[in-house]
Amino acid sequence: MTRYGMLIDTTTCVGCYECENACAIKWGNPTSDVPKLSASRNTAVATVNDVNVPHLCMHCADPTCASVCPVGAFSKTPEGPVVYNADKCIGCRYCMQACPFDIPKYEWSSTNPKVAKCNLCSERITRGQKPACVEVCPAEARIFGTIDDLILLAQKKIQDNPVQYINHIYGVKEAGGTSVLFLSGRSFEEIGLKAGLPDHPLPTLTWQVLSHIPNYVFWGSTMLAGIWWITNRRKEVAAYERALRKLDRRSPNNGSQHSN
Ligand code: SF4
Ligand code: SF4
Ligand code: SF4
């Protein structure tokens, strides 16, 4: 199966935010001036040391979010995107703790909270389209393609312009490899990307660490049960409130029905 991904060239990004807007429209989210990922923002362009740096889920080859999720709410599709299934999520937020890139965000203000992150426009890729943010980028700072083609393109860019780029493609090795790759003219740390990540996938490490903590299973399962109860209680309360509102609208004593 062909694996797809995105190459982000931070040296050509002009900071127009068209990508952010296209992503917000796709998800039905409001636009915002805060240059940070949030529950209603799956991509954000931050300006760090005068460099425009788009952020989004890295779509890891071996995603830690998927490996720690106790109910399988995250999965890696054969085409490359790491997708999230809100119907399965119990709100434990292990994914947020485990992600080496600090990507998943939580809908803290919702009565039925879920996790939010980019899905690499998985549904568009399946239809043979580019991700929405790539399609609108006027500067080819976001490029869509197969991982192999993107790596070849990035290598060629570095070879052709050794002054413009540092000789490193971020994401080829970081955390075992990702489907989102970055090029930069400055060190990746200087432009705000995580430095010092190991070359191997972190799921192995996560499970190795967790399996050596004897109380983890006990406390982990106790906490999960508590979180599951709270999450479901919130759902019940929300459903109850919805039913009450419906009843209220139908009630003959409701003032709005007698206003004519
Ligand atoms: S960057 Fe984080 S949320 Fe995205 S696939 Fe990797 S581990 Fe999962
Ligand atoms: S790939 Fe799709 S979901 Fe991800 S940042 Fe771009 S537009 Fe948003
Ligand atoms: S649309 Fe392209 S050039 Fe504009 S901010 Fe996004 S990545 Fe940068």
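Not measured: the values here are computed from a predicted model.
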To the closest 0.5 Å, what do you measure between [atom1] ([X]) and [atom2] ([Y])?
| X | Y | atom1 | atom2 | answer |
| --- | --- | --- | --- | --- |
| Cys57 | Asn42 | SG | CG | 9.5 Å |
| Cys133 | Arg124 | SG | CZ | 9.0 Å |
| Leu202 | Asp62 | CG | CG | 9.0 Å |
| Arg142 | Leu7 | CZ | CG | 11.5 Å |
| Ile147 | Thr2 | CD1 | OG1 | 11.0 Å |
| Met58 | Leu120 | CE | CG | 11.5 Å |

Would you check if the side chain of [X] reaches a backbone N or O of [Y] as a donor-acceptor pair within less than 3.5 Å?
| X | Y | value |
| --- | --- | --- |
| Asn85 | Asp87 | yes |
| Glu107 | Lys114 | yes |
| Glu20 | Val45 | yes |
| Thr12 | Asp9 | yes |
| Ser187 | Glu190 | yes |
| His59 | Val82 | yes |
| Arg3 | Glu79 | no |
| Glu174 | Gly171 | yes |
| Thr10 | Leu183 | yes |
| Asn29 | Ser40 | yes |

Is there a side-chain contact between [X] and [Y], using heavy atoms and a 4.5 Å cut-off?
| X | Y | result |
| --- | --- | --- |
| Cys95 | Cys69 | no |
| Ile169 | Phe182 | no |
| Asp149 | Leu153 | no |
| Ile166 | Phe188 | yes |
| Thr11 | Ser184 | no |

Self-check item: Parallel, tilted or perpendicular, as decided by the 30° and 60° cut-offs, for the rings of Tyr4 and Phe144
Solution: parallel
Quiz item: So, for Lys88 and Val71, which heavy atoms are closest and what is the spacing to 0.1 Å?
Solution: O-CG2, 3.2 Å
Quiz prompt | Closest contact, heavy atoms only, His55 versus Leu37 | solution = O-CD2, 3.7 Å
Please tell me whether [X] and [Y] have a donor and an acceptor in their side chains that are separated by less than 3.5 angstrom.
| X | Y | result |
| --- | --- | --- |
| Thr31 | Asn21 | no |
| Ser179 | Lys76 | yes |
| Asp148 | Thr146 | no |

Quiz item: Would you call Lys105 and Asp102 a salt bridge, using N to O less than 4.0 angstrom?
Solution: yes
Exercise. Could you walk me through whether Glu135 and Lys26 pass salt bridge (charged side-chain N to carboxylate O under 4.0 Å, His left out), step by step?
Key: CA-CA 12 Å; Glu135 203 159 75; Lys26 167 194 149 128; over 6 Å; no
